[in-house]
Amino acid sequence: MLRWILGGREAQGTVEKSAALFIGEEQPKNCFTEMQVLKGHFDIVRFLVQIDDLRFASAGDDGLVLIWNVETGDCLFALRGHTQQITAMTSYTFIRGGNAHTALLTASSDRTLSLWDPDSGNRVQNISDLQSSVKCLLVLVRLDVWLSGGNELCVWNRDFELQCKTVHHSDAGISTMVELPKNFIAAAMDKEIVIFKLNLSGSDIAVMAMRHLADHQDTIHSLIHINDGLFASGSHIGELIIWDSVDWTIKSYEHILWEEPARDSQSEFRLNPQKQIERSIQHMSSDGEYIVAAVGSGLYVYNVLTKSVVAYRRIAHDSNVLHTVLQRLMSCSEDGSVRMWELQDLPLPAEPASSGFFGMFGTFGRSSKQTGPPAKKIPEVPGLRSLELIGDLIGHSGAVQMFLSFKEKGLVTCSTDHLLIIWKDGELQSQLRSLAVFQKLEENQELRFMQQ
């Protein structure tokens, strides 16, 4: 699909592809048959944030924040002010004068925080005296405050006034945060998850660390909210932990160990030794019942309610998967591709899970450090389904950092090639163009009738 426009693209590295993940030019289940390339950035584009049903913002290493219209592809504003790369960006919706307003929060390596008005393109607030760079931002809508995380955790109100902060001396600092019930926050710091509580007394807010969860054996790369009762974390060595959001105990522990294919087996790819052991969980997403985890260059779908693997594919891309989404199962990768997947029932046990595939450590009653028994040997997984490739979007020449879905309006991707691409439903776009032509003809006929 679309290779005839852009030409072929060879796999990066020494990965040798097989026919198993190539579905050819005809992709009947892939609606994204049109693309629009957006230019405006001068360096890697890392972040995409939806503002409303028509607009989104992009940001990256050039320090620019660009506001776009997803229907037309027009750049509405270029927000200039940061002097170094953007390290975090999120939207902030608040009520003012009885109306809802959506602003953009950005953090940069220049140790500044900015609040932007996407309607005017103006920077309405700025803080430039931070002690260190901010790595993540979190908006707490219910409390009408927002948090910035790095070497220190700061709580701010909508007027950019610092309410409180707690300082950490870890070199890693806070890399990501999620909101928990009852004014608690979970923050990933290297191998630990720190539980903070926001104490409210009138107009005053204080923050304090309540618990350190040290069950991971390596650096935590992903931390997500699942539902009101659960959140999840994923580490560099393939540890997936499901946590209780109220008492912070472990509900499920999975250690994903991609087995190395035998030399004479018909594996999806023949890999070099470095690729064979890659199992870092770079990203996760959830719909409240399932989790899809980007594990090295593979995908792993897990049911948090039944505590069981639903489907997996060891090699879903040629390189590491960087971003995933579950609503319409998709993934993007360092290999420059965006792929669409479908869960299908297995008529026969294709690619069975062997004893070395993953370990299940069951449910722990407490979140304290545990050595645990050796991984169970799972000869087969009941109810296992297959992940089948149904769409392959080839357009970027560099690693695709993330994507943003506008449903029927299209899909936006950003990349290290400095470009953004809006992928659109070709059939729908054709219908809209035809409708526009008919409307124009009707207007012309009405105009001629009035002139007679």
Side-chain angles (χ1 to χ4, degrees), residues 11-15 44 46 87 135-136 170-178 186-193 213-224 226 231-243 250 252-261 267-269 271-286 291-302 309 311-326 329-339 341 353 356-361 375 387 398-403 416:
Q12 299 178 359
T14 58
V15 177
I44 297 173
R46 299 186 185 275
T87 55
K135 298 180 180 180
C136 55
S170 168
D171 293 336
I174 298 174
S175 59
T176 183
M177 299 179 287
V178 293
M189 296 177 60
D190 195 19
K191 302 177 184 179
E192 288 188 337
I193 297 174
L213 311 179
D215 297 87
H216 279 288
Q217 303 300 309
D218 211 327
T219 304
I220 299 168
H221 290 315
S222 183
L223 184 67
I224 64 166
I226 299 175
F231 69 100
S233 56
S235 80
H236 184 71
I237 59 172
E239 300 167 299
L240 170 61
I241 300 182
I242 313 298
W243 305 87
I250 294 178
S252 179
Y253 181 109
E254 302 289 331
H255 196 180
I256 305 169
L257 299 171
W258 296 142
E259 68 174 358
E260 299 180 7
S267 59
E268 292 175 317
F269 291 99
L271 309 173
N272 59 43
Q274 183 178 358
K275 289 290 182 182
Q276 287 178 343
I277 61 174
E278 181 59 62
R279 59 183 188 272
S280 174
I281 299 179
Q282 290 88 225
H283 187 264
M284 295 188 295
S285 59
S286 176
I291 288 177
V292 58
V295 187
S297 60
L299 294 173
Y300 182 88
V301 183
Y302 185 78
V309 58
Y312 70 94
R313 186 175 281 276
R314 290 191 300 257
I315 309 297
H317 285 265
D318 299 343
S319 301
N320 287 337
V321 181
L322 300 179
H323 191 81
T324 60
V325 70
L326 250 178
L329 191 51
M330 301 182 71
S331 59
C332 64
S333 165
E334 292 176 350
D335 63 14
S337 70
V338 181
R339 287 182 166 172
W341 305 91
F357 163 50
F358 61 92
M360 294 185 179
F361 288 76
L387 270 176
V400 181
Q401 298 295 299
M402 68 173 294
F403 49 82
T416 58

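Contact between Ser297 and Ile315 at its shortest, heavy atoms only, is OG-CD1, 3.5 Å. Across every non-hydrogen atom of Ser233 and Leu223, the tightest pair is CB-CD1, 3.8 Å. Heavy-atom minimum distance, Arg339 versus Ala316: NH1-O, 2.7 Å. Pairing each heavy atom of Gln282 with each of Gly296, the nearest pair is NE2-O, 3.2 Å. In terms of heavy atoms, Ala232 sits closest to Ile291 at CB-CD1, 3.7 Å. Pairing each heavy atom of Val292 with each of Leu326, the nearest pair is CG1-CG, 3.6 Å.
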**Request:** Report the C-alpha separation of Val295 and Tyr312 in whole Å, then their side-chain angles, then the decisive distance to 0.1 Å, and conclude whether the side chain to side chain contact (heavy atoms under 4.5 Å, CB included) test is met.
**Result:** CA-CA 10 Å; Val295 187; Tyr312 70 94; over 6 Å; no
**Message:** side chain to side chain contact (heavy atoms under 4.5 Å, CB included) for Trp243 and Ile250? Distances and angles first, verdict last.
**Reply:** CA-CA 5 Å; Trp243 305 87; Ile250 294 178; 3.5 Å; yes
**Asked** Can you list the steps and then say if Leu299 with Leu329 is a side chain to side chain contact (heavy atoms under 4.5 Å, CB included)?
**Response** CA-CA 10 Å; Leu299 294 173; Leu329 191 51; 5.6 Å; no
**Message:** Walk me through whether Met189 and Ile174 qualify under side chain to side chain contact (heavy atoms under 4.5 Å, CB included).
**Reply:** CA-CA 5 Å; Met189 296 177 60; Ile174 298 174; 3.6 Å; yes
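With 3.5 Å as the limit, one finds a donor-acceptor pair spanning the side chains of Thr324 and Ser285.
In this structure, Ile237 CD1 and Ser280 OG are separated by 9.5 Å, a value rounded to the nearest 0.5 Å. Between atom CG of residue Asp335 and atom CG of residue Asp318 there is a gap of 4.5 Å, rounded to the nearest 0.5 Å. Between Ile281 atom CD1 and Glu254 atom CD the span is 10.0 Å, to the nearest 0.5 Å. Distance check, rounded to the nearest 0.5 Å: OH of Tyr253 to CG of Asp215 gives 8.0 Å.
Counting heavy atoms from C-beta outward, Ile241 and Leu213 have side chains that stay 4.5 Å or more apart. With a 4.5 Å cut-off on side-chain heavy atoms, Gln401 and Thr416 count as touching.
Between Glu239 and the choices Arg279, His255, Lys191, His216, the side-chain hydrogen bond (donor to acceptor under 3.5 Å, both in side chains) rule is met once, by His216.
When the side chain to side chain contact (heavy atoms under 4.5 Å, CB included) test is applied to Ser175, the partners found at least two apart in sequence or on another chain are Ala188. Under the rule for a ring pair (Phe, Tyr, Trp, His ring centres under 6.0 Å), the partners of His323 that lie at least two apart in sequence or sit in another chain are His283, Phe403.
For Ser333 (side chain) and Asn320 (main-chain N/O), a donor-acceptor pair under 3.5 Å exists by modelled atom type.
Between Trp341 and His317, the two ring planes are perpendicular [angle over 60°; tilted spans 30° to 60°].
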